[in-house]
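Notes follow once the structure below has been shown.
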Amino acid sequence: MSAPRLRATPLPGIGVQYDLVTREHRHLSVVAHRDGTRTVNVYRADDPDSCAHSLHLTAPEAGALIDALQPSHHSHSLLSTTDLGLVAERIEVGGTSRWNGRVLGDTRMRTETGASVVAVLRRADAIPSPAPDFRLAGGDTLIVIGTREGVDAAAAILGRE
């Protein structure tokens, strides 16, 4: 079986639309909006130009879906954290969070949980290894790594209003 063909179409002012026709001849598309949201469209089997279902996802929801769709898609050179008892998770800082505008060190996250923030995703930028004086902003997504318990505790800290 040949590899699926993914066609990308720029949508000026919106983002990029990716179209895929499955081996069952079903058409689906994903519109990657410039703000990080995604729209997933599934087209009718009897009329591939008519949309049967459309689902709008926030950036964190799209990230969770990506994680679910490709958990086994790893390079051999990447660290497989689950084999070591570690997890990596995305945790969003809400716009009304008490941490909005404060520095990462104020959370005392590593001290209290043992979990580490290894990167911050802000809009279209990634900030690797943020220092304790890194100023958090509402909408930031923190990539946190640690034990399951540590990451859950970090999420609880970040979720405090």
Side-chain angles (χ1 to χ4, degrees), residues 3-4 6 8-20 28-42 53-161:
L6 189 66
T9 305
L11 302 174
I14 297 170
V16 178
Q17 179 172 322
Y18 298 94
D19 289 282
L20 174 74
L28 64 97
S29 71
V30 175
V31 177
H33 298 270
R34 291 173 38 179
D35 65 0
T37 62
R38 301 292 188 262
T39 303
V40 180
N41 300 303
V42 179
H53 301 285
S54 186
L55 179 64
H56 192 73
L57 303 173
T58 65
E61 290 167 342
L65 181 59
I66 289 166
D67 291 343
L69 289 172
Q70 67 176 41
S72 63
H73 182 70
H74 296 292
S75 164
H76 294 294
S77 64
L78 292 177
L79 174 65
S80 178
T81 56
T82 53
D83 294 342
L84 302 171
L86 299 174
V87 296
E89 199 165 290
R90 299 168 188 245
I91 303 171
E92 186 173 351
V93 176
T96 60
S97 170
R98 72 183 290 207
W99 306 113
N100 185 3
R102 295 179 61 188
V103 297
L104 179 61
D106 288 350
T107 67
R108 299 188 37 81
M109 191 180 318
R110 185 180 302 169
T111 302
E112 292 186 21
T113 70
S116 298
V117 176
V118 297
V120 175
L121 307 178
R122 180 176 286 167
R123 293 185 228 41
D125 297 323
I127 299 100
S129 304
D133 63 349
F134 178 83
R135 193 158 303 278
L136 298 170
D140 284 351
T141 298
L142 281 58
I143 307 300
V144 180
I145 190 167
T147 63
R148 172 80 271 155
E149 297 79 17
V151 171
D152 287 346
I157 287 172
L158 289 170
R160 291 181 194 153
E161 295 295 327

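Bear in mind that the values here come from a model prediction, so they are computed numbers and not experimental data.
Rounding to the nearest 0.5 angstrom, the gap separating the CG atom in L65 from the OG1 atom in T58 is 10.5 Å.
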Verdict with reasoning, T39 to H33, per side chain to side chain contact (heavy atoms under 4.5 Å, CB included): CA-CA 8 Å; T39 303; H33 298 270; 2.8 Å; yes

Could you go through L28 and Y18, starting from their C-alpha distance and side-chain angles, then the distance that decides it, and tell me whether this counts as side chain to side chain contact (heavy atoms under 4.5 Å, CB included)? CA-CA 8 Å; L28 64 97; Y18 298 94; over 6 Å; no

Give the intermediate values and the outcome of side chain to side chain contact (heavy atoms under 4.5 Å, CB included) for residues V120 and T141. CA-CA 6 Å; V120 175; T141 298; over 6 Å; no

Give the intermediate values and the outcome of side chain to side chain contact (heavy atoms under 4.5 Å, CB included) for residues L142 and V93. CA-CA 8 Å; L142 281 58; V93 176; 3.5 Å; yes

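Applying the 6.0 Å contact sphere to CZ of R108 captures no more than 12 heavy atoms from other residues, nucleotides or ligands. Within a 6.0 Å radius of CZ in R110, no more than 12 heavy atoms belonging to other residues, nucleotides or ligands are found. More than 12 heavy atoms of other residues, nucleotides or ligands shown are found within 6.0 angstrom of CZ on R102.
In this structure a side-chain-to-backbone donor-acceptor pair under 3.5 Å is missing from N41 to S54. A side-chain donor-acceptor contact under 3.5 Å links D140 to the backbone of A137. A donor-acceptor pair is defined here as one N or O able to donate and one able to accept, closer than 3.5 Å; such a pair exists between the side chain of T113 and the backbone of M109. Checked by atom type and distance alone, the side chain of R135 pairs as donor or acceptor with a backbone atom of G101 at under 3.5 Å.
Considering all non-hydrogen atoms of both residues, F134 and I127 come closest at CE1-CG2, 3.9 Å. Looking at every heavy atom in both residues, A154 comes nearest to A115 through CB-CB, 4.3 Å. Heavy atoms only, all atoms of each residue included: A126 and L121 are closest at CB-CD2, 3.8 Å. Heavy-atom minimum distance, G13 versus R34: CA-NH1, 3.6 Å. Residues I91 and V151 come closest through the heavy atom pair CD1-O, 4.1 Å. Of all heavy-atom pairs spanning S29 and Q17, the tightest one is CB-NE2, 3.7 Å.
The shortest distance between side-chain heavy atoms of V16 and L11 does not fall below 4.5 Å. By the 4.5 Å heavy-atom criterion applied to side chains, V117 and L104 are counted as neighbours. Side chains of L136 and V103 form no contact here, defined as non-hydrogen atoms less than 4.5 Å apart. Taking 4.5 Å as the limit, some side-chain heavy atom of V40 sits within range of a side-chain heavy atom of L57.
Ionic pairing of R90 and E61 is not present here: no N-O contact between side-chain nitrogen and carboxylate oxygen is shorter than 4.0 angstrom.
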